[in-house]
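In what follows, a structure is listed as structure tokens, so that the remarks can point back to it.
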There are 2 protein chains.
Amino acid sequence: MDLENTQSQMRKGVLEYCILCIIGKSECYASDIIDQMKEAKLIVVEGTLYPLLTRLKNAGLLNYKWEESKSGPPRKYYSLTDEGKSFLQALSGTWGELSEAVTSITSGK
Amino acid sequence: MDLENTQSQMRKGVLEYCILCIIGKSECYASDIIDQMKEAKLIVVEGTLYPLLTRLKNAGLLNYKWEESKSGPPRKYYSLTDEGKSFLQALSGTWGELSEAVTSITSGK
DNA sequence: TATAGTACTTTGTATTGCATAGTACTATAT
DNA sequence: ATATAGTACTATGCAATACAAAGTACTATA
């Protein structure tokens with residue numbers, strides 16, 4: 001049993017919530033998301049992020065637009081659809097419930 | 001994108017932590033664990049729990065002993081090994097960090 | 001022109017929650 | 001004595017996602 005692996009498993013599902021949250025605050029592109037998550041000490045890597053963004057787009061939760069960048073290649077800026085906003089709401093509840101369940105179990109009440 | 005699926009993904013890795021926690025409090029068998037988690041509103045099913053307990057045993061984190069039951073078939077009572085105790089300690093830290101990272105991101109600080 | 005940095009795409013692997021099917025033991029009903 | 005129900009555990013295959021790695025493409029600089 002590998003601690004790092006369990007950490008990775010714990011991230012499953014949570015990353016989706018966090019990413020939707022970041023995009024819900026303001027339009028951003030992949031590196032923005034990586035930076036903001038790194039700042040919060042939640043590391044997400046490209047191989048995870050890009051397919052996840054694609055899945056969310058395909059599920060109708062995100063829109064994107066291409067924007068020229070000041071220096072470097074063009075960027076894909078993402079924003080939430082209405083559906084994305086309400087899904088994020090639901091995920092917030094879900095996380096809250098999970099969090100509380102874990103607290104309940106681990107505190108022994 | 002399916003809310004239930006995301007919930008299931010969020011449970012990955014977390015169940016391991018909770019189960020170790022429950023066993024760490026006192027020796028118990030599978031149905032005890034299912035009951036205690038159900039009480040905390042965190043549902044775990046047999047198809048998940050038994051293989052997980054087996055994996056933890058094989059990883060040296062759990063021991064078990066068979067006990068006759070008052071009414072019904074014999075039961076497997078689990079307890080933590082020393083290694084299991086320190087792994088649980090580490091998982092507790094891991095959960096705390098993840099939790100805090102999520103709070104940080106979702107509160108917008 | 002070549003290189004470096006940035007941004008995105010694709011693919012395959014490992015792992016675990018879960019559904020399902022099955023075995024085995026004990027208690028109760030017929 | 002046999003059948004059924006309840007309880008406890010085992011095994012297997014599937015779906016989904018984090019992640020590593022390889023690759024393409026655009027822009028700036030040497």
Whole angstrom is fine here: how far is it from [atom1] in [X] over to [atom2] in [N]?
X        : N       : atom1 : atom2 : answer
Met10(B) : dC18(C) : CE    : P     : 13 Å
Glu4(B)  : dT17(D) : CD    : P     : 14 Å
Leu52(B) : dT10(D) : CG    : P     : 13 Å
Gln7(A)  : dA14(C) : CD    : C1'   : 16 Å
Tyr50(B) : dC9(D)  : OH    : P     : 4 Å
Ile34(A) : dA20(D) : CD1   : P     : 12 Å
Glu67(B) : dA8(D)  : CD    : C1'   : 14 Å
Arg11(A) : dC19(D) : CZ    : C1'   : 9 Å

Problem set entry | Nucleotide opposite dA30(D) in a Watson-Crick or G-U pair, distances under 3.5 Å | dT1(C)
For this session: Select from Thr54(A) and Thr6(A) the residue whose nearest nucleotide in DNA chain C is closer to the 5' end of that strand.
Result: Thr54(A)
Problem set entry | Whichever of Gly13(B) and Ser71(A) has its nearest DNA chain C nucleotide further upstream toward 5' | Ser71(A)
Exercise. How is Ser31(B) classified with respect to the nucleic acid when contacts are heavy atoms under 4.0 Å: base, sugar-phosphate, or nothing?
Worked result: sugar-phosphate
Exercise. Of the options Leu52(A), Leu88(A), Leu62(A), Val14(A), which is the one that meets Ile19(A) in a side chain to side chain contact (heavy atoms under 4.5 Å, CB included)?
Worked result: Leu52(A)
When you check the phosphate oxygens OP1 and OP2 of [N], does a side-chain N or O of [X] lie under 4.0 Å from one of them?
X        : N       : value
Arg75(A) : dT27(D) : no
Lys70(A) : dT6(C)  : no
Lys12(A) : dC19(D) : no
Arg55(B) : dT15(C) : no

Exercise. Are Ile105(A) and Leu49(B) connected in a single hydrophobic cluster, I mean Ile/Leu/Val/Met/Phe/Trp/Tyr linked by side-chain heavy atoms less than 4.5 Å apart?
Worked result: yes
Tell me which nucleotide among [options] gets nearest to the side chain of [X].
X        : options                   : value
Tyr29(B) : dC8(C), dA16(D), dC9(D)   : dC9(D)
Trp66(B) : dC25(C), dC9(D), dT17(D)  : dC9(D)
Thr48(B) : dC18(C), dT15(C), dC19(D) : dC18(C)
Pro73(A) : dT26(C), dG5(C), dA18(D)  : dG5(C)
Asn5(A)  : dT6(C), dC18(C), dT16(C)  : dT16(C)

Exercise. How many angstroms lie between CD in Glu16(B) and CD in Gln9(A), if you round to the nearest 0.5 Å?
Worked result: 8.5 Å
Exercise. How do Ser69(A) and Tyr64(B) order along DNA chain D: which one's closest nucleotide is nearer the 5' end?
Worked result: Tyr64(B)
Exercise. Is the shortest side-chain N to carboxylate O distance from Asp82(A) to Lys85(A) below 4.0 Å?
Worked result: yes
Exercise. Is it true that Lys65(A) and Glu67(A) have a side-chain N and a carboxylate O under 4.0 angstrom from each other?
Worked result: yes
Exercise. Honestly, is Lys76(B) close enough over Tyr64(B), meaning NZ or CZ under 6.0 Å from the six-membered ring centre and within 45° of the axis?
Worked result: yes
